[in-house]
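Below is one structure, written out as structure tokens, with a few remarks after it.
Remember, it's 1-based here, ligands and their atoms both numbered in the order they're listed. Because the structure is predicted, anything quoted here is derived from the model rather than measured. Along the sequence shown, the residues carry numbers beginning at 1.
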Amino acid sequence: MHFDLLIHGASEVVTCTGAGSAEQMLAPVPRGCVGIKDGRVAFIGAEPPGSATRELDARGGFVGPGFVDCHTHVVFAGDRSDEFELRCQGRTYLEIAAAGGGIARSVNATRAASEETLLRLALPRLERLLRHGVTTAEVKSGYGLDLESELRMLRVIRALGDAQPVRLVGTVLALHAVPPEFKADRAGWVRLVIDELLPRVAAEGLARFNDVFVEQTAFTHDEARAALEAGARLGLRPRLHVDQMTANGGAELAASLGAATADHLEQISPAGIAALAASNTVAVLAPTSTLFARARPFAPGRALRDAGVRVALCTNCNPGSSHSENVFLSMGLACVENGLTPAEAYLGFTRFGADALLEPTLGRLQPGAPADLVVFGAESYRALPYHFAMNDVAHVIKGGALVF
Ligand code: NIG
């Protein structure tokens with residue numbers, strides 16, 4: 001066989017295709033080579049059966065699947081560094097939101113920005129994610145909060161997907177906060193989303209997921225259920241921001257709706273953990289936002305894993321609660337604060353991240369899978385959370401092409 005690209009010289013190829021414990025799931029191939037043809041993985045093993053047009057020496061580093069960042073808000077305008085300063089002085093995320101800051105600030109700035117500006121502002125964020133090994137990212141709307149601004153955000157997300165190497169998956173998050181125009185008629189906004197926005201999003205193919213923020217400052221169970229069930233009838237898969245700042249039984253809601261994911265979960269209850277364990281819903285933890293928003297406690301990652309829940313990790317890159325593209329900070333915190341093992345943290349940005357986006361061919365390396373790979377400077381995945389918040393990515397390959 002003749003490969004387009006052959007990667008050799010790796011300490012190991014971590015395939016993330018195994019079964020059993022987290023460590024067994026990593027299923028590494030020692031001193032493995034990866035042969036790539038037509039943008040797909042064609043071979044993994046110690047003895048490549050053929051030559052290649054191009055070769056890449058991993059120089060003793062390990063090779064793994066491209067990271068999947070399954071929860072981001074990288075399309076936004078404006079700056080909320082003053083809110084960060086207020087939190088450092090002791091004000092809480094919810095207090096700042098209740099006083100007119102928070103998501104509403106980003107909505108004002110995002111509505112005022114042109115499509116070109118939103119695109120220009122998001123590109124370097126995606127470039128930073130790519131340099132951290134991310135080859136697929138989910139991106140949400142939710143800073144438009146009127147019909148045209150939400151659609152505009154989703155069109156920007158689509159355009160961004162064509163403008164740079166990271167593959168993007170769009171999510172409509174119209175129930176992120178109550179728009180200022182609907183403060184006295186929140187039911188009116190939910191109705192508009194159900195009757196007009198979601199059908200247009202589905203008709204234009206602008207999103208795969210439909211997301212709702214369930215929180216004191218955002219939406220209730222009933223509002224979330226109505227919008228998510230309406231979206232599901234249009235083919236938009238439900239997911240939810242829940243149990244983040246306050247315990248709200250949101251994990252149970254996510255499980256009862258068959259949601260793809262339940263995200264955040266700092267305040268999840270034992271009943272919520274049991275509900276997720278009995279469902280197919282993936283738990284998505286965002287430890288950088290727990291840290292950055294000073295919203296203790298950290299989510300009980302250990303208890304979720306012990307109950308058998310798949311736990312994905314994300315950067316949750318956004319201007320308010322997690323102004324960071326640092327995958328390795330998230331992995332390190334997941335070990336130190338959420339109680340995950342390094343193997344579980346690595347799975348959180350590979351296989352489980354892909355599962356969160358309903359992408360079973362991503363986050364794993366096996367013949368036939370898209371050739372999305374990362375070559376690290378480090379010899380082992382264990383170095384990633386341990387070399388705390390440091391970036392050991394040497395090369396990123398997307399669809400068989402060397403993109404970093
Ligand atoms: O995922 N929780 C709600 N949404 C974002 C924060 C958005 C913001 O503050 O701008 C999150 O943390």
For Ile103, atoms of ligand 1 separated by under 4.0 Å from a heavy atom: 7 (C), 8 (C), 9 (O), 10 (O)
Can you find a non-hydrogen atom of Glu215 under 4.0 Å from ligand 1? no
Under 4.0 Å from a heavy atom of His71: give me the atoms of ligand 1 that qualify, with their elements. 1 (O)
Between ligand 1 and Arg80, can you find any atom pair, the residue atom being a heavy atom, that is separated by under 4.0 Å? yes
4.0 Å heavy-atom contact, Met245 with ligand 1: no
heavy-atom search around atom 1 (O) of ligand 1 in the protein gives His264 NE2, 2.9 Å
Any nitrogen or oxygen of Ser289 lying under 3.5 Å from a nitrogen or oxygen in ligand 1? Just yes or no. no
Could you walk me through whether Asp222 and Thr220 satisfy the side-chain hydrogen bond (donor to acceptor under 3.5 Å, both in side chains) test, starting with their C-alpha distance in whole Å, then the side-chain angles of each, then the deciding distance to 0.1 Å, before giving a yes or no? CA-CA 5 Å; Asp222 287 348; Thr220 65; 5.5 Å; no
Apply salt bridge (charged side-chain N to carboxylate O under 4.0 Å, His left out) to residues Arg87 and Glu95 and explain how you reach the verdict. CA-CA 10 Å; Arg87 277 201 305 281; Glu95 283 167 4; over 6 Å; no
Modelled atom types, side-chain donor and acceptor of His241 and Glu215, under 3.5 Å: no
Please check whether Ser106 reaches ligand 1 - meaning an N/O of the residue sits under 3.5 Å from an N/O of the ligand, judged on distance alone. no
Which ligand 1 atoms does Ser321 reach within 4.0 Å, using its non-hydrogen atoms? 6 (C), 9 (O), 11 (C), 12 (O)
Check for me whether Phe76 has a heavy atom closer than 4.0 Å to any atom of ligand 1. no
Looking only at non-hydrogen atoms, the one of Tyr143, Phe292, Tyr93, Phe213 nearest atom 9 (O) of ligand 1 is Tyr93
Beyond-backbone contact of Leu56 with Val375, side-chain heavy atoms, under 4.5 angstrom: yes
